[in-house]
Amino acid sequence: MKDKMERAKLESELHDIQRLVDRIPPEVLAELKRQQRHTKER
């Protein structure tokens with residue numbers, strides 16, 4: 001029973017995070033990816 005509740009809680013959190021990420025405009029994601037590549041090159 002405890003495992004089912006834990007899994008349901010994690011799935012709910014994952015769903016909330018996915019909704020948050022889906023609301024980020026594509027150009028913002030593209031800029032973040034560009035900056036991430038830039039910092040890796042240093």
Side-chain angles (χ1 to χ4, degrees):
M1 183 72 176
K2 184 181 175 194
D3 289 343
K4 282 186 178 181
M5 289 179 64
E6 181 71 19
R7 182 180 174 96
K9 181 176 181 249
L10 290 172
E11 286 178 351
S12 174
E13 290 176 8
L14 176 62
H15 187 69
D16 290 346
I17 292 168
Q18 285 174 331
R19 278 199 318 240
L20 177 67
V21 170
D22 287 344
R23 291 200 322 252
I24 300 172
E27 57 272 11
V28 173
L29 288 175
E31 176 64 20
L32 288 172
K33 287 178 184 176
R34 188 187 68 77
Q35 288 179 1
Q36 192 174 30
R37 279 196 306 268
H38 184 71
T39 56
K40 284 182 181 176
E41 293 170 0
R42 290 182 183 183

Donor-acceptor pairs under 3.5 angstrom involving side-chain atoms of residues 23-32: please list them, not counting sequence neighbours.
| residue | atom | partner | partner atom | Å |
| --- | --- | --- | --- | --- |
| E31 | OE1 | R34 | NE | 3.3 |
| E31 | OE2 | R34 | NH2 | 2.8 |
| E31 | OE2 | Q35 | NE2 | 3.1 |

Requested in this report: Apply salt bridge (charged side-chain N to carboxylate O under 4.0 Å, His left out) to E11 and list each qualifying residue two or more places apart in sequence or on a separate chain.
Outcome: R7
Query raised in the report: Residues in side chain to side chain donor-acceptor pair (under 3.5 Å) with D16, at least two apart?
Result: R19
